[in-house]
Asks: 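Sending over a structure as structure tokens; questions will come in a sec.
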Amino acid sequence: QIQLVESGGGLVQAGGSLRLFCAASGRSLGGYSIAWFRQVPGKERELVASVLWNGDGTFDGDFGKGRSTISRDGAGRSVYLQMHSLQPAASAVYLCAAQFGYSGPNRYTSWGPGAQVTVSS
């Protein structure tokens, strides 16, 4: 397992944009497929978007479609989640997760602590 750290969360006004970052402590994310999930208290964790270990494929969950873009940096050290046109319903804790290679959408084994995103109306 690797240690993941999210950053870039915070408070944003409705209609605004936000970029979240996911990085591994002390190493690159090379070889790992990365996903962003969101968690709202009392609700199930929800996939926002994912990107394959080789960067060749991305997948948007229902929440992420039309409102987010996931990408990897060229050096393989970070994965970004760019979100736009945010509304208060987007408020949640956003977590990044990793799995080596890719075995399936429910096979993420390493998780970051999460970054709070709050969208004010």
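All residue numbers in this chain count up from 1 along the given sequence.
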Asks: Any salt bridge (charged side-chain N to carboxylate O under 4.0 Å, His left out) pairs touching residues 59-70, not counting sequence neighbours?
Replies: Asp62-Lys65
Asks: Distance check, rounded to the nearest 0.5 Å: Leu18 atom CG versus His84 atom NE2?
Replies: 12.0 Å
Asks: Which pairs of donor and acceptor atoms, one on a side chain in residues 85-97, lie under 3.5 Å apart (sequence neighbours left out)?
Replies:
residue: Ser91; atom: OG; partner: Pro88; partner atom: O; Å: 3.0
residue: Ser91; atom: OG; partner: Val119; partner atom: N; Å: 2.8
residue: Tyr94; atom: OH; partner: Arg38; partner atom: NE; Å: 3.3
residue: Tyr94; atom: OH; partner: Ala90; partner atom: O; Å: 2.6

Asks: Contact between Val79 and Val51 at the side-chain level, heavy atoms closer than 4.5 Å - yes or no?
Replies: yes
Asks: Enter the distance from Met83:CE to Ile70:CD1 here, rounded to the nearest 0.5 Å.
Replies: 11.0 Å
Asks: Can any side-chain N or O of Arg45 pair as donor or acceptor with the backbone N or O of Val40 at less than 3.5 Å?
Replies: no
Asks: What's the verdict on side-chain contact (heavy atoms from CB on, under 4.5 Å) for Ser50 and Thr58, showing C-alpha distance, side-chain angles and the deciding distance?
Replies: CA-CA 6 Å; Ser50 61; Thr58 61; over 6 Å; no
Asks: How close do Val48 and Ser68 get, counting heavy atoms only, and between which atoms?
Replies: CG1-OG, 3.8 Å
Asks: Less than 4.5 Å apart, side chain to side chain, heavy atoms only: is that true for Glu6 and Pro113?
Replies: yes
Asks: Could you report the tightest heavy-atom contact between Ile34 and Ala98, atom names first, then the distance?
Replies: CD1-CB, 3.5 Å
Asks: Could you report the tightest heavy-atom contact between Gly9 and Val117, atom names first, then the distance?
Replies: CA-CG2, 4.2 Å
Asks: Other residues, nucleotides and ligands only: do more than 12 of their heavy atoms fall within 6.0 Å of CD on Gln3?
Replies: no
Asks: Contact between Tyr102 and Tyr108 at the side-chain level, heavy atoms closer than 4.5 Å - yes or no?
Replies: yes
Asks: Side chains of Phe59 and Leu47: closer than 4.5 Å at any heavy-atom pair?
Replies: yes
Asks: Using 0.5 Å steps for rounding, measure from the OG atom of Ser71 to the OH atom of Tyr80.
Replies: 7.0 Å
Asks: Say you draw a straight line from CD of Gln39 to CD of Glu44; how long is it, rounded to the nearest 0.5 Å?
Replies: 9.0 Å
Asks: State, yes or no, whether a side-chain contact exists between Gln99 and Ser110 at a heavy-atom distance under 4.5 Å.
Replies: no
Asks: Can you tell me how the ring of Trp111 sits relative to the ring of Phe37, calling it parallel under 30°, perpendicular over 60° and tilted otherwise?
Replies: tilted
Asks: Applying side-chain contact (heavy atoms from CB on, under 4.5 Å), run through Gln82 and Ser17 and close with a yes or a no.
Replies: CA-CA 7 Å; Gln82 179 72 46; Ser17 300; 3.9 Å; yes
Asks: Between atom CH2 of Trp36 and atom CD of Glu46, what is the distance when rounded to the nearest 0.5 Å?
Replies: 15.0 Å
Asks: Side-chain atoms of residues 20-29: list all donor-acceptor pairs with protein atoms under 3.5 Å, sequence neighbours left out, distances to 0.1 Å.
Replies:
residue: Ser28; atom: OG; partner: Gly30; partner atom: N; Å: 3.2

Asks: Under 4.5 Å between any side-chain heavy atoms of Tyr32 and Phe100, yes or no?
Replies: yes
